[in-house]
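A quick write-up on the structure given underneath.
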Amino acid sequence: MRTFLNKHLPANLRAVSGFILCPATKTGVQDTARVTEYPDRHSSQLDIIVYDMDDYPVFEQFEEFCIVPPEGVIGVISVKKTLYDQAIADEIAALKGAADLCRASGRRGPFTALMAFAAKEASDTKLNERIFTAIRDVHAGAAFDPMVNEVSVLSRTCVFKTRIDNGGDAGARYIAVDCRTETHIPLQRLLQSLMSVYYDPTRMDEKRRPGFASFRQRTFADASELGYVPHSGM
């Protein structure tokens, strides 16, 4: 799956595995919201993180394994060989946790998906019902944006959130598409959705400095005053 994504996505986007690390530190120019509201936070280990390598730094990188800050995350994908009923809700909850780490006011969050190559449930109707029930149980009452975008069992079904209703009064709308005759649908949607996030105006027009370096609270408290150098303005 990572090879497929790295073949087709823009060259600066890289599909890796690893963790999202969100330190309680300043972002932007003087945004200290993370410092005052949160401790350091991190995701569980993630199968695939689609990350903007050109515009954002990484904390650690070991070949295809990375630890990255949330600002450059375009997508998070969990991959399963076989999807078991009891694992659906746990995987969706982990994706929600990753999406919550990446939330920023006024900016579209990352695409999230659970992809499997097979499912234990033999009935497509029951499988779709189980997937939707898990989505509803995990996300009920949550914001629209971090709700999981897609849960697919390749060559069988693709359950996804539509943006047409955009989380209106009726709630986020999920639909299921039969992929037995059109097996390309889950992977085509995967690429389309990732690029939709990457090229979204809320992300393309604003390259925000990530919260990357973290200091102890009193790191600069005892610094010596040296004086001021005149300047002509900001």
*asked:* So which atom in Q61 and which in M53 form the shortest heavy-atom distance, rounded to 0.1 Å?
replied: NE2-CE, 4.4 Å
_By side-chain hydrogen bond (donor to acceptor under 3.5 Å, both in side chains) - contacts of E150 (at least two apart)_ = S152, R189
_Would you say V151 ends up clustered with I175 if hydrophobic residues are merged whenever their side chains have heavy atoms under 4.5 Å apart, either directly or through other cluster members?_
no
*asked:* Looking at Q45, I'd like to know if its CD atom is crowded, meaning that more than 12 non-hydrogen atoms belonging to other residues, nucleotides or ligands lie closer than 6.0 Å.
replied: yes
_Using modelled atom types and a 3.5 Å cut-off, is there a donor and acceptor pairing between side-chain atoms of N6 and backbone atoms of A15?_
yes
_So, applying side-chain contact (heavy atoms from CB on, under 4.5 Å) with V197, which one of I74, V50, V73 is it?_
I74
*Atom of I88, atom of A134 and distance for their closest heavy-atom approach*: CG2-CB, 3.5 Å
*Derivation and outcome, side chain to side chain donor-acceptor pair (under 3.5 Å), residues N149 and S193*: CA-CA 9 Å; N149 293 91; S193 299; over 6 Å; no
*Shortest non-hydrogen contact from G18 toward F65*: CA-CE1, 3.5 Å
*Same apolar cluster: M195 and M115, side chain cutoff 4.5 Å*: yes
*If every non-hydrogen atom of P69 is compared with every non-hydrogen atom of P57, which pair is closest and at what distance?*
CD-O, 3.3 Å
*Could you tell me whether the side chain of K96 and the main chain of V138 form a donor-acceptor pair under 3.5 Å?*
no
*Enumerate the residue pairs fulfilling side-chain hydrogen bond (donor to acceptor under 3.5 Å, both in side chains) with a member in residues 8-20, sequence neighbours excluded, ordered by first and then second residue.*
N12-D52, N12-Y198, R14-E64
_I'd like to check the side chain to side chain contact (heavy atoms under 4.5 Å, CB included) partners of S196; sequence neighbours left out, ordered by chain and number._
R108
*asked:* Checking the side chain of K161 only, and the main-chain atoms of F144 only, is there a donor and an acceptor separated by less than 3.5 Å?
replied: yes
*For the pair D145 (side chain) and G109 (backbone), establish whether a donor and an acceptor sit closer than 3.5 Å, ignoring hydrogens and angles.*
yes
*Residues two or more places apart in sequence or in another chain: which of them pass side chain to side chain contact (heavy atoms under 4.5 Å, CB included) with Q86?*
Y84
_Cluster overlap V148 with F160, hydrophobic side-chain contacts below 4.5 Å_ = no
*What pairs with D124 under side chain to side chain contact (heavy atoms under 4.5 Å, CB included), at least two apart in sequence or on another chain?*
R156, R180
*For S44, side chain to side chain contact (heavy atoms under 4.5 Å, CB included) partners two or more places apart*: L46, A94
